[in-house]
Amino acid sequence: MDLKRTVKFEADRDPQFAHWVSHTVGGERIRHCLQCGLCSGKCPLSLYMDYTPRRLMHLSREGFKEEVLGSTSIWLCTACYACMVECPKQINVTHLLYALKQRAIEEGRYPRRFAIPVMSRLFARMVHGAGRITESRLVVQILVRTAIWRLLGMSKLGMALLRKGRLPMSSEHIQRRKEVATLLDSVAATRKELAI
Amino acid sequence: MKYAYYPGCSLRGTGRAYEESLLAVLRILEVEVEEIDDWNCCGATTYLSVDELTSYALAARNLALASRQSGEIIAPCAACYLVLNKTQHYIREYPTIKLVVTRALDSIGLAYQDDIRVRHPLDVLLNDVGLEKIAKKVKVPLKGLKVAPYYGCQIVRPYSTFDDQRNPTSMDRLLEACGAKVVHYPLKTRCCGGSQKGTLPEVGLDLIHYLLSGAVANGAEVIATACPLCQFNLDSFQDESGDRHHPIHIPVVYFTQLLALALGAPAGSFGLHRCLVPIEPVLSEKEIAYA
Amino acid sequence: MPEDIGFSGQETPRVGVYICHCGTNIAAVIDVKALADYAGQLPGVVVSREYKYMCSDPGQALIETDIDDHELNRIVVASCSPLLHEPTFRRSLNRAGLNPFLLQMVNIREHVSWVHLDKRAATEKAQDLVRAAVRRVFLHKPLEKRRVSINPNVLVVGGGIAGIHAALTLADAGKQVYLVEREPTIGGHMAQFDKTFPTLDCAACILTPKMTTVGSHPNIRLWSYSEVTKVEGYVGNYKVQVKRKPRYINEDLCIGCQECITACVYKEGKTPDEFNVGLSKRKPVYLPFPQAVPQKVVIDRDTCIEFKSGKCKKTCIEACGDRLAIDFTQKDIFEEIEIGTIIVATGFQTFAPERNPFYGYKRYPNVYTSLEVERLVNASGPTAGEIVLRDGSKPGSVGIIHCVGSRDINTNRWCSKVCCMYSLKLAHLIKERTGAEVFNFYIDMRTPGKGYEEFYDRLLDEGVHFVRGRVAEVSDWTAHPSEQGKLVIRAEDTLAGFVRRIPVDMVVLAVGLEPQKDAQQVRRLFNMSCSSEGWFLERHPKLAPVSTFTEGVFIAGACQGPKDIPDSVAQAGAAAAEALALIDSKTVELEPYTASVIEDECSGCKSCIPVCPYQAVTFLEHEKKAHINEVLCKGCGTCVASCPSGSIRQNFFEDQEIFEEIEGVLAHA
Amino acid sequence: MLNRPPAAKESAGPQFEPRIVAFFCNWCTYLAADLAGTSRMKYAPNVRVVRLMCSGRVDPQFVLDAFAHGADGVFIGGCHPGDCHYQEGNYKTLKRYALLKRLLKDMGIEEERFRLEWISAAEADRVRATINDMVEKVRALGPLALDAQAAEQPSVAQEVMA
């Protein structure tokens, strides 16, 4: 039997993280959370999470950064907003999960071949380059990087979609591609200037 | 008035039938639209979750381009609808976001005016066109076709003001106006898993199965959706999710396809043939003959 | 300066200024020493002191001794809100032989130390306010309070347990009580309950004797099916109009035999029965419930055929025979009464759970409200106390969902206080009578009351399940074969840390309490205030919990906030005692802030006459002058502000006094 | 990361501190201000409250007197329409307010310097919010530069009341 000490010391907490959480977009009302669990009950994905959204709320406001940023929950959120609309304390749970996800990416805290961050990255890259998304290409790229064996299983569906004219392989892009690049450069510049 | 039209990437890919049927319906109902000049990807949920500031800037470019053309945008894709709305909200609420966006648009010669309303086709059809006009134009009544109205998440939550976020009924009413019978569907706003099917297949397949079985259990013969990703998920993975649970086969179409059918749009013009699970058997069983 | 503005009388002002620390409440933010020093050098100030608690006996004694020793003739106290301690310090002045109105209070606690963090700015603000008060108090004139006599009759509005208890207390003390109830019977919500927590004594057994006593008490005039429509006057002397709605039964002639009900052309009831919250049907002629008081039937004009078509066979009249109690020609009757005090006990309404569609109320027949279940478990209810579902079967499992319409910003944000306990009670009764598995879904279990926690313990012993989590949804879609044909409750079990799906046969929604939907109108009628939620506002949450801001109007029971039966009864007793105290003092003092016309200066323009809401201003045709009736004047001062020639003055709020105050706060050194 | 911007900038130098005179009715707004105190809400220390029994007692001359003696703003707080302790005193206030507002404008006093708000006894937070808002706005306008003579013209008050 593998026994683990589960005690937490004050030194395990990161008060700065707790402070950041309650000041970031979406986290403003987190101290009001009464731990009723409505968010978890509403969440269609909570069944698969290691920490339910409710537990994430509490861990975050207490500053248990390791647990929060290391949890699978932040990657599972599909942004369906069910938690946020119903929260009896009007906590913007969905957006807070976004913020946590971004924080995890910034700190490089996700499994390398985990499909969700991979997809996010590829998606961003494609938008940056073409201004639009070509779904067929995105799917192929994701699968190549995460689980190439699954491509084989997908081929049947892919063929069906192709036949129905739903998977145009030609690349979609906007005309003034430069505009998007300039736009994104400007965002990066402002972000740097304001240190946000 | 001409609406600015923002198709979004999906309507040019897997969701082609949505665009085809929507435009067919709008044509019959004499709603004029004009595609936004050189629109770009809105960033969708994916971008928003990794880099929200950039995502707001991307969305704001579309808003700024559109406001040169009209005071209202029609955004049929749920993700686009949400992102454009959210961008407007957050620019209003957070001065920092406003600053970033204003500068970014300035760098490409655009200005953000906050003078445009983002509308979903459900909203436009129900509130601008009106049930009365639609009912009058019905040529092929749907004869009590039992439909489960599936709204998904992002159309109603959290920014829609045109419908009840907890219990939306706009699609119900539009379908009923065309003669369909809307069945009780408690999962109508439950998430389909979105892109989770692509990234975590097991999770996605379970969610899809629940949605399909919930509709069938309440006697639905067809599921109507209003989002390209929902339609794709529910339509494309019935075999796979059936393998994990028990087999279910039910046609999944865009609500605009049912509307186009009822309003007598020419066959083939609204993409019914693009569905993987064919709807034709149900239609012929109900003796709904379309032109 | 005082000379310039004509100090009242010939005396020179000798002002004493007293700064209160209020422990650290004031002293922690305002530099009280500096403030006292500052006040000490203001013109006219003879003594300036600071002290720990001015309202304490030694604090008051300080003022009284100083008045004597230093021949003070004006006093300024800078402490808490005048609404709290102005009467206290006025009494001090009185004891020291000074007219109580030669006092001016400065509010440096609620308006300064409690709301500002910057000590320097707070001290500066306090200095400004004290300076203004000193300048104002120079002009104060001795005033006498008016005394008016008190009509000993009392109006009690609302015939629930609170109203009943208040009415009986007053009537037993020999006062004439008018009890007005909107429904055809008194009894309120309590009459609908089966058992009461935590003792489980039967609600009817303890309530109905009180109801009967009300009905037969010689000192109580009971008007059921009636509403108060107009309230005029002031403390001790209210004139009230009561509308008695037609029940189409002559109450004096009806003996409550109910033969008309049997004889009604409707063989079966067709209208949802209000008393059974729609779980049974009643006829157009009905008695709300067997123990109703008064025991008089009522005819509902909305469903009676005679009112619809005029072509009914009127078998009811036939059955009533020569008692002749049925009268289809009845109209509204307006009663005018004179009373001295009013007790408002209008109660609450329960949250309508349709507002939360995820709980499936009205969609799934086996989702009930707690009030419906109260009727189901009640022996005189629609199922004679059998707990059965709508199809007649017994539930094998029941889920009770707490906090429905409570603790939720999207609906009602407050805790309704009684739901935890009544849910435990219902859990016990359901378990006892059906043997079903009972699940309670709660957020926090709140059992603060005598014997309440012990009751919770008992339920734990009985094997009732407790799942900590707010329920996300109740639905009929199944994710597992075991859920087939059941209602599935989905919630996170927050203590276990995962989501659970629990299939049950019956769902009970523990609906919260909220203000009556016409609370705003009622509040206006009686000139009361409401909290932002809509509950009637007490004068002070701790020290005057049953008084309102209108003298002579008291509140009792759940109209003031969610409350259980013991608390409602206690509050009703307190309200009755407050009313009795007023009545037994025979007269009441009124503030002397009335307005009067300076006749020499009045130009007779009549501008003031329409602005008075109390018709206190009249025009003396002969003199061509306005005149103010001091008895009718309530001292708002609106006429003073509207007089173009400045020839109306208001005691204690004279123009010059207010100018001094304005200029005083602005005269910054 | 994106944080909410700080609510108000702490400027380096001493900033202009406006003086605002408030007239609160005894039954609603004064009580609300008391409630703000008992709830320990925090707001700007620039307001000095004069208590009156009813907002209907606010004579236009009081407002003019305040401006003439150095107030940078005047704030009247009364019960909500229909809630007046004296039945309808606040309706008179409203009528007078509209006229007075026009007059002050003619005298060159900016609109933001004169404000009427209905605040019930329960709305402590509105007292806090209104005071903070008004202080900010008046601070932005700077000190009131008033031709003292204009404010003391005797005809002014009469015109308002006519």
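FYI, side chains are in, hydrogens and waters are out, and symmetry mates aren't considered; it's all heavy atoms of this structure. Chain identifiers are assigned alphabetically (A, B, ...) following the order of the sequence lines, protein sequences preceding nucleic acid strands; residue numbering begins at 1 within each chain.
- Just one residue in the list A/Thr134, A/Ile133, A/Val180 forms a side-chain contact (heavy atoms from CB on, under 4.5 Å) with B/Cys41, and that residue is A/Ile133.
- Of all heavy-atom pairs between A/Gln175 and B/Asp38, the closest is N-OD1, 2.6 Å.
- At a threshold of 4.5 Å between non-hydrogen side-chain atoms, the residues B/Asp37 and A/Arg176 count as touching.
- With respect to chain A, the highest number of heavy-atom pairs below 4.5 Å among B/Gly15, B/Gly43, B/Gly194, B/Ala79 belongs to B/Gly43.
- Your options are B/Asp106, B/Thr54, B/Ile108, and the one with the most heavy-atom pairs under 4.5 Å with chain A is B/Ile108.
- In this structure, the portion of A/Glu172 lying under 4.5 Å from any heavy atom of chain B is its side chain and not its backbone.
- Around the CD atom of A/Gln16, the shell of radius 6.0 Å holds no more than 12 heavy atoms that belong to other residues, nucleotides or ligands.
- Counting heavy-atom pairs closer than 4.5 Å to chain B, the top-ranked of the candidates A/Met126, A/Arg177, A/Lys101, A/Arg163 is A/Lys101.
- For A/His32, the NE2 atom sits in a packed shell: over 12 heavy atoms of surrounding residues, nucleotides or ligands are nearer than 6.0 Å.
- Smallest separation of non-hydrogen atoms from A/Leu183 and B/Ala104: CD1-O, 3.6 Å.
- Across all non-hydrogen atoms, the minimal contact from A/Phe123 to B/Ala44 is CZ-CB, 3.9 Å.
- Residues of residues 150-159 of chain B placed with any heavy atom under 4.5 Å of a heavy atom in chain A are listed by number as B/Cys153, B/Gln154, B/Arg157, B/Pro158.
- Across A/Asp185, A/Leu76, A/Leu97, the residue that shares the most heavy-atom pairs under 4.5 angstrom with chain B is A/Leu76.
- Contact annotation for B/Cys275: only backbone heavy atoms (N, CA, C, O) come within less than 4.5 Å of a heavy atom of chain A.
- Close approach to chain A, defined as a heavy atom under 4.5 Å from one of its heavy atoms, is seen in B/Gln231, B/Phe232, B/Asp235 of residues 226-235 of chain B, taken by number.
- Proximity to chain A involves both the backbone and the side chain of B/Ser10, based on heavy atoms less than 4.5 angstrom apart.
- If you measure heavy-atom distances from B/Arg274 to chain A, the contacts under 4.5 Å come from both the backbone and the side chain.
- Residue-environment remark: CZ (A/Arg31) stays at or below the threshold of 12 foreign heavy atoms within 6.0 Å.
- Taking A/Thr94, A/Ile174, A/Leu194, A/Leu161 one by one and counting their heavy-atom pairs under 4.5 Å with chain B, the maximum is reached by A/Ile174.
- For residues 77-92 of chain A, heavy-atom neighbours of chain B at less than 4.5 Å comprise A/Cys77, A/Thr78, A/Ala79, A/Cys80, A/Tyr81, A/Ala82, A/Met84, A/Val85, A/Glu86, A/Asn92, sorted by residue number.
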- Message: Set out, in order, the CA-CA distance, both residues' side-chain angles and the distance that settles side chain to side chain contact (heavy atoms under 4.5 Å, CB included) for A/Glu193 and B/Leu99, then state yes or no.
- Response: CA-CA 12 Å; A/Glu193 188 189 322; B/Leu99 179 74; over 6 Å; no

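- Highest contact tally toward chain B, considering only A/Ser186, A/Ala130, A/Ala188, is held by A/Ser186 [criterion: heavy-atom pairs under 4.5 Å].
- Of the listed residues (A/Arg132, A/Lys178, A/Lys164), the greatest number of heavy-atom pairs within a distance under 4.5 Å of chain B belongs to A/Arg132.
- Interface residues of residues 80-89 of chain B toward chain A, defined by a heavy-atom distance below 4.5 Å and sorted by number: B/Leu82, B/Lys86.
- When heavy atoms are compared at a cutoff of 4.5 Å, B/Arg103 approaches chain A by way of both its backbone and its side chain.
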- Stepwise, does the side chain to side chain contact (heavy atoms under 4.5 Å, CB included) test hold for B/Asn40 with A/Glu179? CA-CA 10 Å; B/Asn40 56 271; A/Glu179 278 195 16; over 6 Å; no

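- Contacts between A/Glu135 and chain B at a heavy-atom distance below 4.5 Å involve the side chain alone, from C-beta outward.
- Contact check for A/Leu47 versus B/Val203: no side-chain heavy atoms found under the 4.5 Å cut-off.
- Between B/Arg12 atom CZ and A/Arg166 atom CZ the span is 15.5 Å, to the nearest 0.5 Å.
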